[in-house]
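Here it is, the structure, as structure tokens.
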Amino acid sequence: MKFLVGILFIVNSLYGFEVSEQALIKIAKKNSPKLDEIKSRLLEASANYKMSNDNLSSEAYAGYQHQTTNEKAVVPFFPIYSPVNQYKVGVRKNFKYGLSADVSASVQQQSGSNNQTTFDDIHTTIYDLTLNIDLWQDLFGKLTRKRLENAKLNYESNKLKSKIESKTFLVAVRRMYWNLVANAEKLKISRRLLEQAEKQARDARQRKRNSIADSGEVARYESQVASRKGSVLLLEYQREQILKSLTDLVPELNGKDLKLAAYNVEKSIFDVLACTEIIKRESSVPYQYTDYDEMTALLKRIQKNQSELDESYDDIDIKLSTSFRQIGVASEDPTGNGNLYEGSYQDSIEDIQDNDRSAFLAGINVVIPLGEQDKTAKVKEEYNRRRLDANIKATDNNLVATHNQITRQIRVLQEVIKTQRLNSDKLNIRLKDMRKKFAQARISVTSLIQDQDALLNSDLAIIDTQLEILNTLLDYFTVFTDTPCGFNK
């Protein structure tokens with residue numbers, strides 16, 4: 001027997017879980033697909049930001065090309081080179097000021113001949129510095145810097161969004177927990193009244209056996225038992241639905257026997273009232289408790305930059321390209337008779353030092369749009385303006401409406417609870433009186449049961465209203481995430 005008890009204890013520890021608000025939050029933070037999805041979006045934004053900066057990072061490159069040909073010279077004294085080997089290494093970098101630079105070194109090794117002369121391993125070395133400068137669209141990097149700034153602003157905006165979404169998810173988990181608590185409170189009341197109804201039905205059957213009650217009275221009490229059982233079963237079904245929603249949010253709870261841990265409703269009510277008092281003290285929107293105002297400021301900066309980027313869509317594009325080269329050629333006639341020329345790589349390097357074969361190239365490239373880019377630019381500008389405007393206005397309206405409405409909403413709901421409690425108190429008084437009258441056979445069983453049902457519905461309505469206050473406050477915390485009160489976790 002002890003062995004079986006030990007096995008049951010182990011199984012319960014493995015598969016049982018006492019559901020408390022703090023434990024749920026801890027598990028949800030630790031392992032949740034929704035939080036993983038939120039983090040993945042932030043990582044995507046981070047990657048996009050890094051990639052925009054990577055466009056300005058330096059990069060080294062290297063290349064090799066080999067060429068062989070069987071071509072015959074059209075003119076006898078014109079040499080045909082084969083094989084030809086080309087080597088090239090370099091470093092290039094884009095700058096944020098509308099400028100790109102490319103520094104390279106290349107070596108060409110070639111052999112060939114014509115009808116009189118042989119060329120053996122002739123080396124040509126070229127040092128090249130190329131600068132490309134934007135003279136119009138991206139003059140001084142005005143567009144590049146705005147793109148970089150927007151990439152950074154988007155990342156900062158996504159960081160705030162990620163924080164808000166994480167808070168919203170945890171609020172959703174807490175909402176499920178409090179739905180579960182409310183359901184448990186309703187079940188307590190409904191099961192207690194079911195027991196009362198079953199006792200009344202047993203008493204009615206006993207009275208019938210004693211020829212005091214008739215079949216109609218018994219049937220009415222038994223009908224009440226069936227109704228109360230139906231209410232309990234419906235609440236148990238709703239509990240399973242809540243648990244299903246909870247495990248959807250926190251899959252780690254799947255397969256575990258979930259039971260509510262002990263909770264303190266009175267303390268929670270006190271915390272909620274304390275929070276509402278803190279919120280009431282804020283006569284204006286408490287921007288210090290939310291990240292949405294920072295998001296709005298970022299969106300406005302993004303909108304301003306994006307407008308200028310869109311306006312440049314149909315601009316002409318003018319670029320200046322300059323290149324400065326140092327060239328060294330190694331081609332010497334060791335015999336002096338002009339039949340053989342050869343030159344090593346080292347000789348080509350020395351030639352750069354000894355002989356000035358430098359070259360300078362410069363060119364301008366102009367691109368003029370001839371299509372309907374101007375119309376496209378206007379559409380893009382209008383689209384981005386409206387999209388960002390809508391986001392900014394919706395955020396601002398949400399902040400103002402959420403804060404202004406919550407105090408009125410909670411005040412109304414508190415008044416509703418007062419009224420409902422007063423109703424329950426009066427119904428309790430009436431019910432005691434109705435029981436006396438029923439015992440004196442002054443009223444029918446139907447009237448008594450109607451009053452009992454009215455009290456049940458009033459008590460359940462109080463729980464529903466309390467839950468509505470909690471949900472209203474939780475909704476507030478999804479916007480004003482940093483509200484300093486105990487119920488904001």
- Item | Cation-pi, Phe360 ring and Arg325 (6.0 angstrom, 45 degrees) |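 Ring-cation test returns no.
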- Query: Quick one: do the Gln109 and Asp121 side chains pair a donor with an acceptor below 3.5 Å?
  - Reply: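 The answer is yes; a qualifying pair exists.
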- Check the side chains of Thr68 and His66 for a donor-acceptor pair under 3.5 angstrom, ignoring hydrogens and angles.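 Side-chain D/A pair, His66 to Thr68: present.
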- Between Asn384 and Asp310, is any side-chain donor less than 3.5 angstrom from a side-chain acceptor?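 Result is yes, a qualifying pair exists.
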- Distance (rounded to the nearest 0.5 Å) between Arg175 CZ and Thr168 OG1: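 Arg175 atom CZ to Thr168 atom OG1 measures 9.5 Å (nearest 0.5 Å).
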- Item | Residues Glu165, Lys34: salt bridge by 4.0 Å N-O rule |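 No, no charged N to carboxylate O under 4.0 Å.
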- Would Glu277 and Lys280 pass as an ion pair if we require N to O under 4.0 Å?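 Looking at Lys280 together with Glu277, the answer is yes, because their closest N to O distance falls below 4.0 Å.
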- Item | Enclosure of Phe140 CZ (heavy-atom neighbours >12, cutoff 6.0 Å) |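 At most 12 heavy atoms, drawn from other residues, nucleotides or ligands, come within 6.0 Å of this atom.
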- Task: Please confirm whether Tyr64 and Tyr87 have ring centers closer than 6.0 angstrom.
- Result: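 Between Tyr87 and Tyr64, which both carry aromatic rings, the centre distance is below 6.0 Å.
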- Going by the angle between their ring planes, with limits at 30° and 60°, are Phe477 and Phe487 parallel, tilted or perpendicular?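 Tilted: the ring planes of Phe477 and Phe487 meet at 30° to 60°.
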- Task: Could you check Lys186 against Asp464 for side chain to side chain contact (heavy atoms under 4.5 Å, CB included), going step by step and ending with a plain yes or no?
- Result: CA-CA 9 Å; Lys186 288 182 179 181; Asp464 285 333; 2.4 Å; yes
- Item | salt_bridge(Asp482, Lys163) N-O dist < 4.0 Å |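 A salt bridge is present here (some side-chain N lies under 4.0 Å from a carboxylate O).
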- Query: Is it true that Lys159 and Glu156 have a side-chain N and a carboxylate O under 4.0 angstrom from each other?
  - Reply: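 Yes, charged N to carboxylate O under 4.0 Å.
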- Between Glu240 and Lys244, is there a salt bridge with N-O shorter than 4.0 Å?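 Glu240 and Lys244: not salt-bridged.
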- Query: Rounded to the nearest 0.5 Å, what separation is found between the OG1 atom of Thr472 and the CG atom of Leu467?
  - Reply: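 Here the interatomic distance stands at 9.0 Å.
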- Message: Keeping Lys93 on the side-chain end and Leu56 on the backbone end, is there a donor-acceptor pair under 3.5 Å?
- Response: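 At least one qualifying donor-acceptor pair exists.
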- If you count the non-hydrogen atoms of other residues, nucleotides and ligands that lie under 6.0 Å from CZ in Arg145, is the total more than 12?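 Counting other residues, nucleotides and ligands, CZ of Arg145 exceeds 12 neighbours.
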- If you take all heavy atoms of Ala330 and Ser344, which pair is closest and at what distance?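 Answer, listing the atom of Ala330 first, then Ser344: CB-O, 3.2 Å.
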- If we only count heavy atoms from C-beta on, is the Gln67 to Gln86 side-chain gap below 4.5 Å?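 Not touching, per the 4.5 Å side-chain cut-off.
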- Donor-acceptor pair between Asp389 and Gln303 side chains, under 3.5 angstrom: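 Gln303 and Asp389 do have a side-chain donor-acceptor pair below 3.5 Å.
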- Measure the shortest side-chain to side-chain distance between Ser268 and Trp178 over non-hydrogen atoms and say whether it is less than 4.5 angstrom.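 The answer is yes, as the side chains (C-beta and beyond) meet within the 4.5 Å cut-off.
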- Should the pair Glu21-Arg174 be classified as a salt bridge under the 4.0 Å nitrogen-to-oxygen rule?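 Salt bridge present between Glu21 and Arg174.
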- Task: Look up atom CG in Leu309 and atom NZ in Lys142, then write down how far apart they are to the nearest 0.5 Å.
- Result: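 Those atoms lie 10.5 Å apart.
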- Around Lys304, counting heavy atoms of other residues, nucleotides and ligands shown, do more than 12 lie under 6.0 Å from its NZ?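 No, NZ of Lys304 has 12 or fewer neighbouring heavy atoms, counting only those of other groups under 6.0 Å.
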- Item | Check: Tyr49/Asn154 side-chain N/O donor and acceptor closer than 3.5 Å |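 Their side chains do not contain a donor-acceptor pair, so the 3.5 Å distance test is not met.
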- First locate atom NZ of Lys26, then atom CG of Asn31, and finally report the distance between them rounded to the nearest 0.5 Å.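 Answer rounded to 0.5 Å: 13.5 Å.
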- Check for a donor-acceptor pair, side chain of Asn150 on one end and backbone N or O of Asn305 on the other, with a separation under 3.5 Å.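 No.
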- Task: Check whether any side-chain N or O of Asp138 sits under 3.5 Å from a backbone N or O of Leu143 as a donor-acceptor pair, and report yes or no.
- Result: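 Yes, the answer is positive, given that a donor and an acceptor are paired below the 3.5 Å cut-off.
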- Between Asp102 and Leu129, is any pair of side-chain heavy atoms under 4.5 Å apart?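 Result no, sub-4.5 Å side-chain heavy-atom pair not found.
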- Message: Quick check on Phe95: does its CZ atom have over 12 non-hydrogen neighbours (other residues, nucleotides or ligands) under 6.0 Å away?
- Response: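 Correct, the count exceeds 12.
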- Taking atom types as modelled, is there a side-chain donor on Asp315 or Gln137 under 3.5 Å from an acceptor on the other?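 Asp315 vs Gln137: no donor-acceptor pair found between side chains.
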- Item | Side chains of Thr483 and Asn488, donor plus acceptor under 3.5 Å |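 Not at all, the side chains of Thr483 and Asn488 share no donor-acceptor pair under 3.5 Å.
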- Query: How about Ile349 and Tyr127: do any of their side-chain heavy atoms sit closer than 4.5 Å?
  - Reply: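 Ile349 vs Tyr127: side chains touch.
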- Message: Between Tyr61 and Val91, does the side chain to side chain contact (heavy atoms under 4.5 Å, CB included) criterion hold? Intermediate values first, please.
- Response: CA-CA 6 Å; Tyr61 61 91; Val91 177; 5.9 Å; no
- Task: Indicate yes or no: at least one non-hydrogen side-chain atom of Pro83 is less than 4.5 angstrom from one of Gln110.
- Result: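 Result no, sub-4.5 Å side-chain heavy-atom pair not found.
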- Item | Residues Ser57 and Asp54: side-chain donor-acceptor under 3.5 angstrom |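 Short answer, no.
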- Item | Any Ile164 side-chain heavy atom under 4.5 Å of Thr478 side chain |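 With C-beta onward as the side chain, the pair stays apart.
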- Message: Under 3.5 Å, is there a donor on one side chain and an acceptor on the other for Glu185 and Tyr263?
- Response: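 There is such a pair (donor and acceptor under 3.5 Å, judged by atom type) between the side chains of Glu185 and Tyr263.
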- Can you find a heavy atom in the side chain of Leu361 that is under 4.5 Å from one in the side chain of Thr322?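 Answer no - side chains too far apart.
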- Does the distance from a Lys or Arg side-chain N to an Asp or Glu carboxylate O, for Arg386 and Glu382, drop under 4.0 Å?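 Yes, this pair counts.
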- Task: Given side chain to side chain contact (heavy atoms under 4.5 Å, CB included), test Leu187 with Glu236 step by step and report yes or no.
- Result: CA-CA 8 Å; Leu187 276 169; Glu236 288 176 347; 4.0 Å; yes
- Message: For Phe169, does the six-membered ring have the charged nitrogen or CZ of Lys167 within the cation-pi criterion, i.e. under 6.0 angstrom from the centroid and within 45° of the normal?
- Response: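 Output no; distance or angle outside limits.
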- Before accepting this row, confirm whether a basic side-chain N of the pair Asp317/Lys319 lies closer than 4.0 Å to the acidic partner's carboxylate O.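 The answer is yes: the pair qualifies as a salt bridge.
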- Message: With no hydrogens and no angle check, just 3.5 Å: does a side-chain donor-acceptor pair link Thr130 and Asp128?
- Response: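 A pair is found: one side chain offers a donor N or O, the other an acceptor, under 3.5 Å apart.
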- Supply the atom-to-atom distance Asn365 CG to Leu320 CG, rounded to the nearest 0.5 angstrom.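 Result: 10.5 Å between the selected atoms.
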- Message: Looking at Tyr383, I'd like to know if its OH atom is crowded, meaning that more than 12 non-hydrogen atoms belonging to other residues, nucleotides or ligands lie closer than 6.0 Å.
- Response: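 No, OH of Tyr383 has 12 or fewer neighbouring heavy atoms, counting only those of other groups under 6.0 Å.
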- Nearest-0.5 Å distance, CZ of residue Phe17 to CD of residue Glu252: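 So the gap between those two atoms works out to 8.0 Å.
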- Find out whether Ile327 and Val329 are in side-chain contact, i.e. whether some heavy atom of one side chain is under 4.5 Å from a heavy atom of the other.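 They are in contact (side-chain heavy atoms under 4.5 Å apart), so the answer is yes.
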